[in-house]
Visitor: 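Can you keep this structure in mind? I'll have questions shortly.
Hydrogens, waters and symmetry mates play no part in the numbers below; they use all other heavy atoms, side chains included. Sequence lines set the chain letters: A, B, ... in the order given, protein chains first and strands last, and positions in each chain run from 1. Quick caveat: nothing in here was measured; it's all calculated off a predicted structure.
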Amino acid sequence: MAERILKNISTRGLKNAVKGNEYRKEALISYGILIIGYIVLQLGASVGLIGKHLQGQFVPICVYVALAISLNLVVGISGELSLGHAGFMAVGAFTGIIVMRVLEPHLGIMPIRLIIALIFAAIMAAIAGFIIGVPILSLRGDYLAIVTLAFGEIVRNFMNVLYFALDENDHLKFAFNHTIDGITNDQRILTGAIGATGVTKAATFTGAMLLTAFTLFVVLNLKNSKQGRAIMAIRDNRIAGESIGLDVRKYKLMAFVVSAALAGMAGCMFGQNYSTLAPVKFNFNTSILILVFVVLGGIGNIWGGMIAAALLTILPEAFRQFADYRMLTYAIVLILVMIGTYNPTFKARINSVIDKIKPKKKKDSGKKNKKSKSGKEVA
Amino acid sequence: MGTVLTVKNINVYYGAIHAIKGISFDVNRGEIVTLIGANGAGKSTTLHTVSGLLRSKTGDIEFLGESISHTAAHKIVSMGISHVPEGRRIFQGMTVQENLEMGAFVTKQDRIPENLAYVYEQFPRLKERTSQIAGTLSGGEQQMLAMGRALMSDPELLMLDEPSMGLAPILVDQIFEIIQNLNKAGTTILLVEQNAQMALSVADRAYVIETGKISLSGTGEELARSDEVRKAYLGG
């Protein structure tokens, strides 16, 4: 018996090492993409290879990458379709703007102010995620998607009637559905459907990149924790998950709330990149856009979503002259991806091309290892 | 001996449908108890109610003397009831070992290696396939994996829902042999089966469920000999 246990422990260790490698590979690729992207964009901008227009997109690229990572937590890892991610982004953005303005007279150092704003944005978005997560996570599949869609719209419409201002004594004033009296234009923070105006931009490329790295860190670690495994087990088979004693609601809610908080932070950074920001920016199209990043990158594939988010933000800017055809191109790309991922013949053809291009040596060693392993198991 | 599970007069509804109409039974320590009955009689519903996935409107369920009729499903597992649901609900994308490790989610860390060794001892077939993706296992192996995973939480009571479903006769024999082995090793078993003959041959006691009520009960042998059961479930 003891021998058996020892043997088991050793195989366990081995397998964990393999799993550790998978994790390290995913982390390496994801962080690698971030670092390389940062260096390339920074160099490109300083050399003058990247135009002003595209440079203006640096922060949004980081934000969208972060949003893609955070949505992947719900769609890919937890396996629930969420169509209201822009709602959490909006909560974060406007919370951030208010916090920045309130702190402005008291705290001069911009980065610290931004960090505090990010924390508040995360908390508010997490609360929003919790409030809607509790009732809707007993729904499944399409029904959940519909309710999240409604949530996104509700948030946007709520922002449309929200008025915030600072009076002359720097006190925060709040009104619902009507303008605040006796306030000058400068003192306004949020003005209903017009949104935020006169925002002092605090977002920088480096800051946004750090936020993206933080998002990646949280999601990758959650994915590879005990909790992450529970979340994925429930996704794979809810009934089996219940039967082994997983608290389905708790783990689904955990994924949902963490994702919301991260989206709130990304939204906060996004809001700090524009001098004016209207709630209409966070409409259904934005939710779908983020979902498209996740789907294009491969559901559950974190670095795939990152690349998709970056490309789909850069490309429309780079091909500005074709801007009229942007939605058309989107549709075509999506259709091609659907065909490509769902059609075995097409997939096989692509794979054979990739096999030819791939360096032989690497492929051989990898495949041999796998084969010898599985061979042993069968025997 | 002592009673492990007592089900007292439970009534379960699916919306307006009265699925379980006042079922009562008990399971003693070390026994194999089986619930047999036709499709839709309420056998699986009963198991789901015991494991907390469904709630009974009235009546009470006691496990080791403690009422569990209002306890959350995930807590019931850590109390010592393991439910192997119908249809081999395994985690398709994970390896065999990962599936087993998931089964130990509520188990104390230091007990896991021992439980794992026990499961591999009972299911040598699984040991040969530790790192195979579970979805690629055969039906019989998947059933074994589902049972093995349930054992990882050190259950006092193991509830098996149709373990023979869709398996070749020789595999059914194997599964039932394993069930008996597990029972001999000290696990109390509550078994739900369509295959009445097989179930009655291993069971200490059996209950026949018909449209939400218990119509007959007795030892496995008694029921196997009873005319009613033979006519209804054993084909003459």
Visitor: Does CG belonging to A:Asp142 count more than 12 external heavy atoms closer than 6.0 Å?
Guide: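 Counting neighbours around CG of A:Asp142, 12 or fewer heavy atoms of other residues, nucleotides or ligands fall under 6.0 Å, so no.
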Visitor: Would you mind checking which part of B:Ile76 comes under 4.5 Å of any heavy atom in chain A, side chain (CB onward), backbone (N, CA, C, O), both or neither?
Guide: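 Neither part, no heavy atoms under 4.5 Å.
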Visitor: Between CD of B:Gln92 and CG of A:Asn237, what distance do you get to the nearest 0.5 Å?
Guide: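 Between atom CD of B:Gln92 and atom CG of A:Asn237 there are 7.5 Å.
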Visitor: Is there any residue in residues 38-59 of chain B with a non-hydrogen atom under 4.5 Å from a non-hydrogen atom of chain A, and which ones are they?
Guide: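 Heavy-atom contacts from residues 38-59 of chain B to chain A are B:Leu53.
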Visitor: Among B:Ser78, B:Pro85, B:Ala73, who wins on heavy-atom pairs under 4.5 Å with chain A?
Guide: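 Looking at each option in turn, the highest pair count goes to B:Pro85.
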Visitor: Which of residues 238-253 of chain A get closer than 4.5 angstrom to chain B, counting heavy atoms alone?
Guide: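 Answer by number: A:Ile239, A:Ala240, A:Gly241, A:Glu242, A:Ser243, A:Ile244, A:Gly245, A:Leu246, A:Asp247, A:Tyr251.
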Visitor: Just one of A:Met232, A:Arg229, A:Lys226 clears the side chain to side chain contact (heavy atoms under 4.5 Å, CB included) bar with B:Met102, so which one?
Guide: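 Looking at A:Met232, A:Arg229, A:Lys226, the match for B:Met102 under the side chain to side chain contact (heavy atoms under 4.5 Å, CB included) is A:Arg229.
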Visitor: I need the A:Arg235 CZ to B:Phe91 CZ distance, nearest 0.5 Å.
Guide: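 Going from CZ on A:Arg235 over to CZ on B:Phe91, the span is 11.0 Å.
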